[in-house]
Protein chains: 4
Amino acid sequence: MPISREPTTAEGAAPRGRPRDAGRDAAILDAALQVLTEVGYDQMSVESVAARAGVAKTTIYRRYSDKAAVVVAAVEHRAPASVPRVRSDDLRGALLQVVRWLAREIAEQEVGLLGALFAGMRSDPGLAAGMRRLLHRDEAAMADTSFGKVLARGDRLTPGAAELFAEIAPAVIVHRIVVTGKPCDPAFLEHLVDDILLPLFQRK
Amino acid sequence: MPISREPTTAEGAAPRGRPRDAGRDAAILDAALQVLTEVGYDQMSVESVAARAGVAKTTIYRRYSDKAAVVVAAVEHRAPASVPRVRSDDLRGALLQVVRWLAREIAEQEVGLLGALFAGMRSDPGLAAGMRRLLHRDEAAMADTSFGKVLARGDRLTPGAAELFAEIAPAVIVHRIVVTGKPCDPAFLEHLVDDILLPLFQRK
Amino acid sequence: MPISREPTTAEGAAPRGRPRDAGRDAAILDAALQVLTEVGYDQMSVESVAARAGVAKTTIYRRYSDKAAVVVAAVEHRAPASVPRVRSDDLRGALLQVVRWLAREIAEQEVGLLGALFAGMRSDPGLAAGMRRLLHRDEAAMADTSFGKVLARGDRLTPGAAELFAEIAPAVIVHRIVVTGKPCDPAFLEHLVDDILLPLFQRK
Amino acid sequence: MPISREPTTAEGAAPRGRPRDAGRDAAILDAALQVLTEVGYDQMSVESVAARAGVAKTTIYRRYSDKAAVVVAAVEHRAPASVPRVRSDDLRGALLQVVRWLAREIAEQEVGLLGALFAGMRSDPGLAAGMRRLLHRDEAAMADTSFGKVLARGDRLTPGAAELFAEIAPAVIVHRIVVTGKPCDPAFLEHLVDDILLPLFQRK
DNA sequence: AAATAACCGAGACGGTACGTCAAGTCTTGAG
DNA sequence: CTCAAGACTTGACGTACCGTCTCGGTTATTT
């Protein structure tokens with residue numbers, strides 16, 4: 001959530017003064033993402049992000065109100081949430097594919113985001129809300145994909161399968177990574193699909 | 001994980017010098033737990049814990065290497081994991097009861113612990129391991145309770161029901177609280193039991 | 001010896017970033033001097049200096065590496081070594097006047113400096129050197145005053161009288177104050193002049 | 001100034017309990033003297049003295065009220081103030097001999113003592129008094145030596161020569177060592193005798 | 001062509017907390 | 001009562017970030 005210069009509405013309000021350098025936007029967010037995944041949320045200092053981006057600290061704080069806001073933006077920036085395309089005739093295969101993608105996604109970046117979330121939950125509820133919105137966005141994005149359509153087939157699956165998936169799959173994966181500390185290897189993912197998701201979706 | 005004076009093994013090593021004041025141990029951990037749940041992990045300062053415990057900062061650092069270590073010890077100290085007793089003839093009622101207890105437990109203290117976990121994951125893997133061990137302990141404790149016995153009845157339930165419960169219930173609850181940001185109200189808990197847990201346990 | 005930003009030489013090196021506030025420089029050194037003379041070297045805490053100067057502790061540590069360095073700078077800052085003007089035709093009067101000034105000077109500030117010198121002698125020889133340089137500066141300053149010219153009159157006084165004065169007068173005064181613990185009252189100063197300095201300077 | 005067990009008066013009060021180990025007294029003072037001369041007054045920690053003496057910190061604090069008191073005692077312990085014997089018929093030789101001894105004495109131990117003196121001057125005037133008494137004691141001891149008798153020969157020297165010597169010689173030597181930072185080499189000591197002391201004592 | 005406004009790098013600044021160290025006191029157990 | 005060991009309080013140390021601010025200097029648009 002960058003501190004935007006443009007008023008939410010209107011086009012006419014021509015921005016005055018020197019415009020922000022878009023190249024720096026990218027550099028900042030890339031650097032933030034790197035540092036975040038390398039050292040974790042609270043070992044990540046704004047100063048180190050600035051250094052790696054080759055940018056002054058001011059340039060970051062002009063765009064983002066907060067260290068946490070930088071993290072949100074960084075994750076938002078990178079995650080196009082490109083849910084992989086799946087074949088509609090193979091439910092198990094589709095689930096496996098998506099679950100695999102989800103696990104990699106979470107391990108790589110969302111762990112950092114969750115750290116920020118925990119850190120900011122009490123202090124800055126508005127920010128927490130922002131992060132939640134971001135996390136929620138990805139779930140919503142699924143509905144419009146081929147995978148979303150597979151889960152929405154009311155004739156063969158439990159109604160509400162999509163919601164169930166969004167509720168359970170990320171939760172169990174995060175739990176696995178953070179709490180258990182074990183990797184999301186293929187065996188685990190098959191277990192997730194075969195012993196949890198499929199039984200729930202296919203019950204008569 | 002306090003900085004113990006006694007070598008792990010051996011009995012003979014008579015402790016020399018003035019022994020640590022056990023009263024202060026308790027005071028520190030109680031204070032830490034209070035502050036932790038009040039303001040969250042990284043708003044919690046060691047100094048404030050010391051102040052509330054009526055103890056000098058050094059007295060804390062003599063026992064614990066780190067702020068994070070204090071948190072682990074604090075949660076470990078308090079959590080007797082007193083799973084409520086349940087009736088063996090009412091599976092749904094038992095699940096509801098335990099899930100309700102679990103939700104309260106997580107909301108009250110484990111959120112803080114998880115924050116510490118995120119904070120310390122990269123920097124101090126040994127510490128992270130400690131926290132995981134702690135979280136795992138509670139799950140293990142369930143096996144010996146009346147509830148554990150209910151889930152272990154292989155004749156009527158899916159085998160491995162206990163493991164499934166430990167894998168899913170906490171995950172979904174944490175996800176609800178942290179990621180979704182919504183409270184674990186009765187409606188949600190019933191949903192968790194009726195739409196997720198029961199179907200999984202009773203299938204065939 | 002402040003941590004200077006400007007390279008010692010060169011003019012071209014344009015200072016970048018926000019310049020240091022000169023007002024704060026003065027405030028810090030004044031405060032340091034006050035606290036130093038009030039409570040002595042090792043009762044003086046950097047924090048108290050910061051408080052009195054109305055400045056953050058970090059602002060002091062940005063300028064000076066050390067508590068000791070603050071003291072050197074403080075004394076250096078204040079001491080303009082304004083040797084009083086003397087009449088050239090009255091040697092005894094001139095000596096008395098200068099010795100009186102010297103005694104007050106030493107009692108008021110150099111005692112603090114000497115404390116710092118003792119403290120830093122072993123640990124930081126560079127710092128000790130700085131303080132010595134500073135003390136030496138004052139002696140050198142005398143040569144250019146009316147008093148210096150009086151002592152330099154080779155026709156009537158022992159050659160090297162100026163050096164002798166610098167060697168003996170401060171030494172005896174410091175010894176009186178610190179070792180003996182007695183005040184430098186007029187009687188003592190007259191004794192110093194009549195029984196020590198004059199006889200040495202006027203011997204044929 | 002050790003904290004004595006015996007009441008000032010009376011002999012009868014038989015000391016009860018385990019008597020103090022006299023060997024430890026010496027160990028403490030020796031260790032203190034070593035550390036003091038090695039690292040200077042305020043780099044010297046009571047704990048390090050205890051460690052080197054092979055003694056518990058308590059054992060030191062039972063004997064001495066203060067770190068500074070330890071230093072006084074340590075210097076007092078070692079300094080037998082054995083002024084060298086001099087020949088009465090050679091004034092210059094006698095002066096040189098004593099001045100040489102004095103310079104070594106000061107360089108080796110009194111510098112540490114002076115550090116303690118500066119440190120304790122403001123905070124504990126009673127202690128400062130103790131140190132002064134100690135320093136004064138050495139001067140007094142001189143009066144009874146062969147050297148003292150040489151200076152007391154009123155027929156050929158200025159009356160009060162002994163006092164003058166005590167006032168000037170240590171002062172100039174300390175000034176040389178501490179303020180100037182230069183060593184008291186033979187050339188300097190000859191200068192001190194020939195250009196300062198002898199002229200003062202032999203005038204008229 | 002100026003004037004204006006915002007950008008950018010660099011770094012000072014006030015704060016808050018960190019984790020460490022030493023001084024001096026207190027509390028055990030053993031002798 | 002002494003001694004060793006070490007816990008304990010207190011207070012200062014010097015460091016690291018955070019988020020704000022103030023410089024000199026750089027683009028853009030607007031007059």
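Chain letters run A, B, ... following the sequence lines, proteins first, then strands; residues in each count from 1.
Residue B/Arg20 is classed as a sugar-phosphate contact, given heavy-atom separations below 4.0 Å to backbone atoms only. Across all strands, A/Arg24 comes closer than 4.0 Å only to sugar-phosphate atoms, never to a base (heavy-atom distances). Contacts of D/Gly23 with the nucleic acid, taken as non-hydrogen atoms under 4.0 Å apart, are absent.
Looking at D/Val75 and D/Leu33, their side chains come closer than 4.5 Å, going by heavy atoms from C-beta outward. Using a 4.5 Å heavy-atom threshold, the side chains of B/Arg20 and B/Thr59 count as separate. Using a 4.5 Å heavy-atom threshold, the side chains of D/Met131 and D/Val71 count as separate. Side-chain contact between D/Ile60 and D/Val49 is present, with at least one heavy-atom pair separated by less than 4.5 Å. Contact of the B/Tyr61 side chain with the B/Ile3 side chain is not registered, since no non-hydrogen atoms from C-beta on lie closer than 4.5 Å.
Residues meeting the side chain to side chain contact (heavy atoms under 4.5 Å, CB included) test with A/Asp66, sequence neighbours left out: A/Ala68, A/Ala69, A/Asp124, A/Leu127.
Regarding A/Tyr41, its OH atom lies at a distance of 14 Å from the P atom of F/dC17, rounded to whole Å. To the nearest angstrom, P of F/dA4 lies 14 Å from CD of D/Glu47. The distance between atom CG of B/Asp42 and atom C1' of F/dC18, rounded to the nearest whole Å, is 12 Å. Going from atom OH of C/Tyr64 over to atom P of E/dC13 covers 11 Å, rounded to whole Å. What separates CD of B/Gln43 from C1' of F/dC18 is a distance of 12 Å, to the nearest Å. C/Ile60 has its CD1 atom 10 Å from the P atom of F/dC13, to the nearest Å. Distance C/Asp21 CG to E/dG11 P: 18 Å, rounded to the nearest Å. Here F/dA4 presents its C1' atom at 13 Å from CZ of D/Arg63, a figure rounded to the nearest Å.
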| request: Could you walk me through whether A/Gln43 and A/Glu38 pass side chain to side chain contact (heavy atoms under 4.5 Å, CB included), step by step? | output: CA-CA 9 Å; A/Gln43 297 290 340; A/Glu38 282 173 22; over 6 Å; no
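For A/Arg62 and E/dA6, the shortest distance from a side-chain N or O to OP1 or OP2 is not below 4.0 Å. Checking the phosphate oxygens (OP1, OP2) of F/dT9, a side-chain nitrogen or oxygen of B/Thr59 falls inside 4.0 Å.
Between A/Gly54 and C/Ala56, the residue anchored nearer the 5' end of DNA chain E, judged by the nucleotide with its closest heavy atom, is A/Gly54.
The bend of the helix from E/dA1-F/dT31 to E/dG31-F/dC1, defined by the angle between the axes of its first five and last five pairs, stands at 20° to the nearest 10°.
Between the side chains of D/Asp30 and D/His77, at least one donor N or O lies within less than 3.5 Å of an accepting N or O.
Taking the ring axis of C/Tyr41 as reference, the NZ or CZ atom of C/Lys67 stays within 45° of it and closer than 6.0 Å to the ring centre.
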| request: Determine, for nucleotides 19-24 of chain F in 5'-to-3' order, which nucleotides have protein heavy atoms under 4.0 Å from the base (write B), from only the sugar-phosphate (write S), or from neither (write -). | output: BBBBB-
